[in-house]
J.: 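What follows is a single structure, and I will ask about it in a moment.
What you see is a predicted model; the values in this text were computed from it and never measured. Residue numbering restarts at 1 for every chain, and letters A, B, ... go by the order of the sequence lines. Computed from heavy atoms alone, side chains included, the values below leave out hydrogens, waters and symmetry copies.
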Amino acid sequence: MSEEIRLTFPDGVVRALPNGIRAGDALREWAPRRSPSFLAALVDGAPVDLDRPIVQDAQLAPVTFEDRVGREILQHSSAHLVAKALVETIPDARPTVGPPTDDGFYYDFDVRPLTPADLDAVRAAMDAAVRAREPFHRRELGREEAERLFTHNPYKLRYIADTPVGAPISVYDTGRFVDLCRGPHVPDTGWLQGVHVLGFSAITTEKAEPGRALQRVRGIGFPTREALAEYLKLRTEAEARDHRTLGQRLELFTFFDESPGFPAILPNGIVVLRELERFVREHLDEAGYREVRTPLLFSQSLYETSGHWDHYRENMFLTEADGRMFGWKPMNCPGSMLIFRSRARSYRELPMRLAEFAPLHRLEASGTLHGLTRVREFVQDDAHLFVTEEQIEPEVRTLLDWIGRAFSTFRLKWTYELSTRPAQFLGDPAVWDRAESVLERILKDSGIEYKVSPGEGAFYGPKIDCHLRDSLGRPWQTGTVQLDYQLPLRFGLQYQGPDGQLHTPVVIHRTILGSLERFLGILLEHTGGRLPPWLAPVQARVLPVTEAQSGAAQGLAEELSADHLRVEVATTEESLSKRVRTAEVERIPYVLVLGEKEMAGGSVALRVRGSKETRSLSRPELRSYLGQKVRERAFDP
RNA sequence: GCCACUGUAGCUCAGCGGCAGAGCGGCUGAUUCGUAAUCAGCAGGUCGGGGGUUCAAAUCCCUCCAGUGGCUCCA
C-alpha cells in the first residue's frame with residue numbers, strides 16, 4: 001500500500017495526498033475557503049461522509065446544499081434527527097425508514113398514535129441535539145452483529161435480510177441513537193439548525209405488520225435557520241392565498257355540510273366559470289368541434305360495455321330505478337361513444353370532435369376531498385376525438401399546442417407527465433405499447449420536457465397529463481390527452497373508409513383546463529384572488545367623491561355596461577378611502593373616481609388594482625383602455 | 001376509507017366545569033368626505049347534531065356529521 005494517493009478535483013487539479021486521508025481533509029486542502037459549506041463528498045461519483053478515509057486514487061468532489069445529492073443528504077440526516085428525538089421521547093418506538101422526498105423528508109415509525117404533545121417533545125429533543133452538535137458516526141457491522149443490534153425492530157431486520165450478501169451493512173451513531181443506514185450524512189447535528197417538523201399522520205402501508213398503521217413524521221430541512229425562516233414566511237403567505245379562504249371571502253363558492261364534496265357556486269363564481277367556458281368554447285368553434293350533451297345517468301349495462309363497472313364502480317354514485325341499476329357518469333366518454341355509434345359513420349366525418357361540458361360525479365373517498373381541487377361533482381372542458389390512425393399525431397400535436405397557449409394566458413407554469421399502462425387495464429398489451437410509443441414520440445419530437453409515470457395511465461389507455469401546482473406546491477392534474485384503442489372496440493365503433501371497408505376509429509380523450517372547478521381553485525391560488533380583468537366578477541367600480549357626482553357616476557357605469565363590462569357604483573355613504581379599500585380587498589381590477597375635478601375636465605380618475613397611482617383619462621380613452629384589456633384577455637389589469 | 005386534530009355570531013377568533021364575548025361584516029342614524037378602514041347606536045348564537053357524567057356542561061366522556069393535515073386514491 002503506497003504512502004500517497006492521487007486525488008483529482010473537479011477543476012482538474014490533481015494532488016498527491018497521504019493515503020487514508022479523510023475526504024473532508026482532502027477537500028479542505030483543495031478549497032480551504034469554500035470547505036465550510038461542504039457537507040459530504042463524492043468519491044468517484046459515490047456520496048460518502050466527510051470523515052471517510054480515502055485509500056486509493058480517486059476523483060474527489062465536494063457536496064453542498066446547492067447540489068441535489070447535498071439536499072437529499074441534509075433531508076435524510078434531518079430524518080435521522082427526528083428518529084433520534086422520537087426514540088428519546090417514546091423509547092419503545094420502532095423506526096422503519098426515513099427517506100428524503102421532493103420537498104423535505106419523512107420518517108415512518110411503528111409506534112402508538114402520536115399526539116401534538118409528542119411532537120412538541122420531539123421538537124425539544126431535536127433542538128437539544130442540534131445544540132449538542134452530535135457527530136454522525138459510521139460503523140460497518142457483520143450481519144449477525146447487526147441483527148443482534150436490531151433484535152427488537154422487525155423492520156430493520158427485514159432490511160438487513162434484504163441486503164445482498166457481501167454488501168456492507170452500516171449503522172450510524174448519533175449520540176446514543178443507532179440507526180441502520182447506508183449514509184452518508186452531514187458531519188454532525190449542528191448542521192441541522194434549519195430543520196422543521198411539519199406534522200405527523202398515520203399511513204397505511206404493506207410494510208407495517210397486518211392491521212397496524214405506521215406513524216409518519218414529515219419535515220423539511222434547510223441549511224440555515226434563516227433559510228428556514230424564509231420558507232416559513234413563504235408558507236404563511238401561501239396559506240393566505242388558499243383558494244378555500246379566497247372563495248369564501250370573494251363569495252365565489254361555498255360548501256354545505258349536507259353535501260360534502262359538492263361545490264355550491266355563488267353568483268361571482270358563476271361569472272368566472274362562464275368566462276372560462278367562453279374562453280374554451282371560442283377555441284372549440286375555431287378548431288372544428290361540435291358540442292353535445294349526453295345523459296347524466298346510464299344503466300349498469302352501459303358501464304359493463306365501457307369497462308367502468310369492473311374498473312371504476314367503487315368510485316361511482318349508483319341509483320336504482322325501475323328495478324335496474326343506474327350509475328351517475330364519472331366521465332363523458334361512454335356517452336360520446338354512443339353518439340358516434342348512433343348511425344353509420346364515414347371516414348369523411350373524421351376527425352370527429354365532440355365536446356361536452358357536463359357535470360361528472362365521482363364518489364371520491366371522503367378523506368381526499370379538498371376545496372375545489374378535489375370534489376365529487378365537477379365539470380370538465382371535455383372532448384372526444386374520433387380519428388384514424390394517421391390523424392392521431394396531428395391532432396395530439398394541436399392539442400398540446402393549445403394546452404400550452406391556454407395555460408400561458410394565465411401565466412401558469414405546468415409540467416407534462418406521460419402515464420403508462422396501469423396494473424388493471426383493458427385490451428392487448430401490444431396495442432398499449434404502440435399507443436405509449438406514439439405519445440412518447442410526439443413529446444420527443446416537440447422537444448417537450450416530460451416525466452414518465454409508470455402505471456398511472458387510465459384503464460383504457462396511456463395519457464399525457466399537465467400538472468399545475470397549488471400555492472403550497474401540491475401538484476394537481478388538469479389538462480390531459482389520452483389515447484384510447486379500447487373503448488372503440490368495446491363499443492363496436494366503425495366507420496366506412498375510402499376503401500369501402502369498415503374500420504375502427506381511435507379515440508382521443510382530452511381536456512384543456514381539466515376540471516373547471518379545480519382550475520379555478522388553482523387560478524385563485526396562483527393570482528391570490530387577483531383574477532385577470534376578463535375573469536373578474538366585478539371589473540370596475542365607479543366611486544363618486546360626493547353626492548353631487550352620483551348622477552354622473554351612474555351615467556358612467558351605464559356607458560361602460562353598454563360596452564359589456566361588469567361595472568358597479570359605490571354610493572357615498574362611506575368615505576372615499578373606505579370605498580377604495582373595499583374595492584382593493586374585493587380584488588376589483590379598476591376603480592374609477594369621479595369628483596369635482598373630473599366633472600370640470602370631463603375626465604375619469606382611474607386607479608388600477610394594486611397600484612397607488614391614479615391616471616386621469618377621458619371617457620373615450622377609458623372605454624378603449626378597459627375594452628382592450630378585457631378583449632385581449634390581458635393577465636394584468 | 002385510515003390516523004391525528006378542529007368545530008363558539010355571516011367571517012376571524014377569545015372563553016375550556018359556575019351569567020355566551022371581541023373585532024370585522026350587517027342594520028339604523030349622523031357625517032358628503034380626493035384614493036387601503038369617519039363616528040354613534042342596534043340586531044345577531046340550541047357554542048356542529050344526538051346521548052351521557054355532574055347540583056351545574058361551550059368546557060369532561062361517548063357517538064354521529066362536517067372540516068383541516070397527511071396516507072391511500074385521483075381531474
J.: May I ask you to verify if any side-chain N or O of A:H370 is less than 4.0 angstrom from the OP1 or OP2 atom of B:G69?
T.: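 Yes, because at least one side-chain N or O of A:H370 sits under 4.0 Å from OP1 or OP2 of B:G69.
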J.: Rounding to the closest angstrom, what is the interatomic distance between B:G10 and B:C5 at atom P?
T.: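 Their P atoms lie roughly 28 Å apart.
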J.: Calculate the interatomic distance between A:R374 atom CZ and B:U72 atom P; express it in whole Å.
T.: 12 Å
J.: Would you mind reading off the distance between A:Q424 atom CD and B:C73 atom P, rounded to a whole angstrom?
T.: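 To the nearest whole Å, that distance equals 13 Å.
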J.: Please report, rounded to the nearest Å, how far the P atom of B:C3 is from the CG atom of A:D108.
T.: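 In whole Å, B:C3 P lies 16 Å from A:D108 CG.
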J.: Whole angstroms only, please: what is the CD-P distance between A:E239 and B:G67?
T.: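 To the nearest whole Å, that distance equals 19 Å.
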J.: Given atom CZ of A:R216 and atom P of B:C2, what is their separation to the nearest angstrom?
T.: 19 Å
J.: Give A:L198 one of three labels, base, sugar-phosphate or nothing, depending on what nucleic acid heavy atoms sit under 4.0 Å from its own.
T.: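 It contacts nothing in the nucleic acid.
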J.: Within this structure, what is the CD-to-P distance between A:E364 and B:C73, rounded to whole angstrom?
T.: 12 Å
J.: Phosphate oxygens OP1/OP2 of B:G1: is one of them under 4.0 Å from a side-chain N or O of A:S366?
T.: yes
J.: Rounded to whole angstrom, note down the C1' distance from B:A43 over to B:G49.
T.: 26 Å
J.: Report, as yes or no, whether the 6.0 Å neighbourhood of atom CD on A:E621 holds more than 12 heavy atoms from other residues, nucleotides or ligands.
T.: yes
J.: Assign A:R244 to base, sugar-phosphate, or nothing according to its heavy-atom contacts below 4.0 angstrom with the strands shown.
T.: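 Here A:R244 touches the backbone only, sparing every base.
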J.: Once you round it to whole Å, what is the distance between P of B:A4 and CG of A:L86?
T.: 16 Å
J.: Under the criterion side-chain hydrogen bond (donor to acceptor under 3.5 Å, both in side chains), I'd like the reasoning laid out for A:S611 against A:E613: C-alpha separation, chi angles, the key distance, then a yes or no.
T.: CA-CA 5 Å; A:S611 156; A:E613 324 262 291; 5.7 Å; no
J.: Parallel, tilted or perpendicular: which fits the ring planes of A:H361 and A:F262, with parallel below 30° and perpendicular above 60°?
T.: tilted
J.: What's the gap between B:C74 and B:A66 when it is taken at their P atoms, as a whole Å value?
T.: 23 Å
J.: Is B:G34 paired to anything, Watson-Crick or G-U wobble with both distances less than 3.5 Å, and if yes, which nucleotide?
T.: none
J.: On RNA chain B, does the nearest nucleotide to A:C466 precede the nearest nucleotide to A:S201 from the 5' side, or the other way round? Give the residue.
T.: A:S201
J.: Please determine, for the side chain of A:T368, which listed nucleotide (B:C74, B:G1, B:G69) has the closest atom?
T.: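 Between B:C74, B:G1, B:G69, the one nearest the side chain of A:T368 would be B:G1.
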J.: Is it the case that A:T245 and A:Q248 place a side-chain donor and acceptor less than 3.5 Å from each other?
T.: no
J.: Got a sec: does the CD of A:E291 have more than 12 other heavy atoms crowding it under 6.0 Å?
T.: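 Atom CD in A:E291 is crowded, with more than 12 foreign heavy atoms closer than 6.0 Å.
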J.: For B:A57 and B:G69, measure between their C1' atoms and round to the nearest Å.
T.: 30 Å
J.: For B:C2, give its Watson-Crick or G-U wobble partner with both distances under 3.5 Å, or none.
T.: B:G70
J.: Is the ring pair A:Y107/A:F109 parallel, tilted or perpendicular, if the boundaries are 30 and 60 degrees?
T.: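 The rings of A:Y107 and A:F109 lie parallel, inter-plane angle below 30°.
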J.: Can you tell me the base-pairing partner of B:U28? Count Watson-Crick or G-U wobble geometry only, both distances below 3.5 Å, and say none if there is no partner.
T.: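 Check on B:U28: paired to B:A40, both distances under 3.5 Å.
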J.: Where each residue is assigned the nucleotide of RNA chain B containing its nearest heavy atom, which of A:E377 and A:F255 is assigned the position nearer the 5′ end?
T.: A:F255
J.: Using a cut-off of 4.0 Å on non-hydrogen atoms, how would the nucleic acid contact of A:G367 be classed: base, sugar-phosphate, or nothing?
T.: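 Touches a base.
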J.: Please report the closest heavy-atom contact between A:V542 and A:P544, naming both atoms and the distance.
T.: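 Nearest pair, atom of A:V542 first, then A:P544: O-CD, 3.6 Å.
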J.: So which nucleotide does B:C11 pair with, by the Watson-Crick or G-U wobble rule with both distances under 3.5 Å?
T.: B:G23
J.: Examine A:F410 together with A:F279 and report whether their ring centres are nearer than 6.0 Å.
T.: yes
J.: Roughly how far apart, to the nearest Å, are B:C2 and B:A20 at atom C1'?
T.: 37 Å
J.: For the P atoms, the ones on B:U38 and on B:G25, what distance do you get once it is rounded to whole angstrom?
T.: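 It works out to 9 Å between them.
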J.: Within this structure, what is the CZ-to-P distance between A:F253 and B:G67, rounded to whole angstrom?
T.: 13 Å
J.: Which base, if any, makes a Watson-Crick or G-U wobble pair with B:G18, both distances under 3.5 Å?
T.: B:C55
J.: Considering only atom C1', compute the distance from B:C13 to B:C55 and round it to an integer number of Å.
T.: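 Their C1' atoms lie roughly 32 Å apart.
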J.: Any chance you could measure A:E598, atom CD, to A:T614, atom OG1, to the nearest 0.5 Å?
T.: 8.0 Å
J.: Shorter than 3.5 Å, N or O on both sides, protein versus nucleotides 34-39 of chain B: list them out with atom names.
T.:
unit_1	atom_1	unit_2	atom_2	d
B:G34	O6	A:E596	N	2.5
B:G34	O6	A:K597	N	2.9
B:G34	N1	A:E598	OE1	2.8
B:G34	N2	A:E598	OE1	3.0
B:G34	N2	A:E598	OE2	2.6
B:U35	O3'	A:R607	NH1	3.3
B:U35	O2'	A:R607	NH1	2.7
B:A36	OP2	A:R607	NH1	3.3
B:A37	N7	A:R581	NE	2.9
B:A37	N7	A:R581	NH2	3.4
B:A37	N6	A:R581	NH2	2.3
B:A37	N1	A:R581	NH1	3.4
B:A37	N1	A:R581	NH2	3.2
B:U38	OP2	A:S575	OG	2.9

J.: Would you please confirm or rule out a distance under 4.0 Å between OP1 or OP2 of B:U12 and any side-chain N or O of A:Q248?
T.: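 For A:Q248, the contact criterion (side-chain N or O under 4.0 Å from OP1 or OP2 of B:U12) is met.
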J.: Test for a donor-acceptor pair under 3.5 Å between the base of B:C11 and the side chain of A:R249, counting only N and O atoms.
T.: no
J.: Distance alone, cut at 3.5 Å: any donor-acceptor contact between the side chains of A:D382 and A:T511?
T.: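 Not at all, the side chains of A:D382 and A:T511 share no donor-acceptor pair under 3.5 Å.
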J.: Looking at every strand, decide which applies to A:L369 at a 4.0 Å heavy-atom threshold: base, sugar-phosphate, or nothing.
T.: sugar-phosphate
J.: For nucleotides B:U8 and B:G15, find the distance between their P atoms and express it as a whole number of Å.
T.: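 One P to the other, the span is 14 Å.
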J.: Just compare B:U32, B:U12, B:G67 and give me whichever is closest to any side-chain atom of A:T572.
T.: B:U32
